[in-house]
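Okay, so here's the structure we're looking at.
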Protein chains: 2
Amino acid sequence: MKFSRTSQRRVILSELRKLKSHPTADDLYTIVREKLPQISLGTVYRNLDQMAAAGIIQKLELSGRQKRFDGNVEKHYHMRCPHCGAVKDVENERLADVENILSDVLDELGADSFWIEFTGHCKDCNKAEAGLV
Amino acid sequence: MKFSRTSQRRVILSELRKLKSHPTADDLYTIVREKLPQISLGTVYRNLDQMAAAGIIQKLELSGRQKRFDGNVEKHYHMRCPHCGAVKDVENERLADVENILSDVLDELGADSFWIEFTGHCKDCNKAEAGLV
DNA sequence: CCGTTTTTAGTAATGATTACTATTTTTAAA
DNA sequence: TTTAAAAATAGTAATCATTACTAAAAACGG
């Protein structure tokens, strides 16, 4: 199972890397079809899964329905808006402390990994739910 | 939308409360059918969702496929076995420190809530994957 | 080149969940 | 109690994300 170089895989990866929006497979299907109108949804799914398995991209199994993908493989965290479903990166220096503690907890539990995610309204949805828009 | 008292809801809740296994809706459907053979899967889903919305039970939206339910509404964390899919409660006193930090992080981010979950092989699967069973 | 491996497009199938509907049960008030 | 409105039910159909299948095409390595 060696990787072949195909235009499909190349376009999927380069489009994903352009985005900060953590798209779903279907989002990427829509975007990639502008460059490769014949591509099939299965090809998008397969390539995303393969690249995630190879560590080239990240697969976000957030607690919603659809999985999301992230071209940034550095360890970082995400916040999902419960209103519009958008997923944004989260940055906070105190998360380093959390990581340190949890890495000890992992050892004590005999666990392999931990997952943290946040829920919070994004700016626009905050306004919308307050009736300001 | 007031709650009516139905035998279906009562049995679903009491069976869930007997279990420590964090069953899926389908698991509960199987169990409850022993007492109420006519119950339909939709009724199980609907009641679980309603009770979760009312805070009577917990709905675990873990990062796998199926959602799971927990009769214990106290705040606690879970570990999922990547091999057999089992979900177990996690206890560790240092998680209180993590909660404290994350509650500050929530404020700083303007977020509403956080979710932590662990992945780790359970005893039996550890043996199985080591080829000992 | 050329045989082998990998990938593809297109389609079908799956699995979890939700929606629909006609009927029944529960509720609360008269 | 009777009774009308509200809520819930069983059974079924529909939906949505994802995975599986297949025959044809493309990429690979020698």
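In this text the structure is predicted, and so the values were computed from the model without any measurement. Residue numbers begin at 1 in each chain, while the letters A, B, ... track the order of the sequences. When reading the values below, keep in mind they use all heavy atoms of this one structure, side chains included, and skip hydrogens, waters and symmetry mates.
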Inset, instruction - For residues 43-69 of chain A, pull every pair meeting ring pair (Phe, Tyr, Trp, His ring centres under 6.0 Å), keeping only residues two or more places apart or in separate chains. - result: none
Legend entry - Any side-chain heavy-atom pair of B:Val44 and B:Gln8 under 4.5 Å: no
Legend entry - End axis versus end axis in the helix from C:dC1-D:dG30 to C:dA30-D:dT1, the angle rounded to 10°, five pairs used at each terminus: 40°
Inset, instruction - Return no unless some side-chain N or O of B:Gln50 is found under 4.0 Å from OP1 or OP2 of D:dA7. - result: no
Inset, instruction - Indicate whether OP1 or OP2 belonging to C:dT8 is found under 4.0 Å from a side-chain N or O atom of A:Ser40. - result: no
Inset, instruction - Pull out every residue in residues 29-39 of chain B that has a heavy atom closer than 4.0 Å to any atom of DNA chain D, ordered by number, or say none. - result: B:Gln38, B:Ile39
Inset, instruction - Using the test side chain to side chain donor-acceptor pair (under 3.5 Å), find all partners of B:Arg9 that sit at least two apart in sequence or belong to another chain. - result: B:Asn47
Inset, instruction - State, yes or no, whether a side-chain contact exists between B:Tyr77 and A:Leu109 at a heavy-atom distance under 4.5 Å. - result: no
Legend entry - Residue list, side chain to side chain donor-acceptor pair (under 3.5 Å) with B:Ser40, at least two apart or on another chain: B:Thr43
Legend entry - Qualifying residues under salt bridge (charged side-chain N to carboxylate O under 4.0 Å, His left out), relative to B:Asp49, sequence neighbours excluded: B:Lys59
Legend entry - Pairs satisfying salt bridge (Lys or Arg N to Asp or Glu O under 4.0 Å), at least one member in residues 71-80 of chain B, at least two apart: none
Protein N or O to nucleotides 12-21 of chain C N or O, pairs below 3.5 Å:
from	atom 1	to	atom 2	distance (Å)
C:dA16	OP1	B:Gln66	NE2	3.1
C:dT17	OP1	B:Lys67	N	2.9
C:dT17	OP2	B:Tyr45	OH	2.5
C:dT17	O5'	B:Tyr45	OH	3.3
C:dT18	OP2	B:Asp49	OD2	3.4

Inset, instruction - Following the transitive rule for hydrophobic clusters with a side-chain heavy-atom cut-off under 4.5 Å over Ile, Leu, Val, Met, Phe, Trp and Tyr, establish whether B:Tyr29 and B:Val87 coincide in one cluster. - result: no
Inset, instruction - Sequence neighbours left out, what passes ring pair (Phe, Tyr, Trp, His ring centres under 6.0 Å) with B:His22? Give chain and number order. - result: B:His78
Legend entry - Members of residues 3-13 of chain A that approach DNA chain C, where some heavy atom sits under 4.0 Å away: A:Phe3, A:Ser4, A:Thr6, A:Gln8, A:Arg9
Inset, instruction - Sorted by first residue and then second, give each salt bridge (Lys or Arg N to Asp or Glu O under 4.0 Å) pair with at least one member in residues 28-42 of chain B; sequence neighbours left out. - result: B:Glu15-B:Lys35
Legend entry - Euclidean distance, A:Asp89 CG relative to A:Lys20 NZ, rounded to 0.5 Å: 9.0 Å
Legend entry - For B:Asp26, all residues meeting salt bridge (charged side-chain N to carboxylate O under 4.0 Å, His left out), sequence neighbours excluded: none
Inset, instruction - Return the value, rounded to whole Å, for the distance between atom CG of B:Asn47 and atom P of D:dA7. - result: 14 Å
Inset, instruction - Return the 5'-most residue of the pair A:Val44, A:Lys2 with respect to DNA chain C, ranking by each residue's nearest nucleotide. - result: A:Lys2
Inset, instruction - Spell out, as yes or no, whether a donor-acceptor pair under 3.5 Å connects the side chain of A:Asp27 to the backbone of A:Thr24. - result: yes
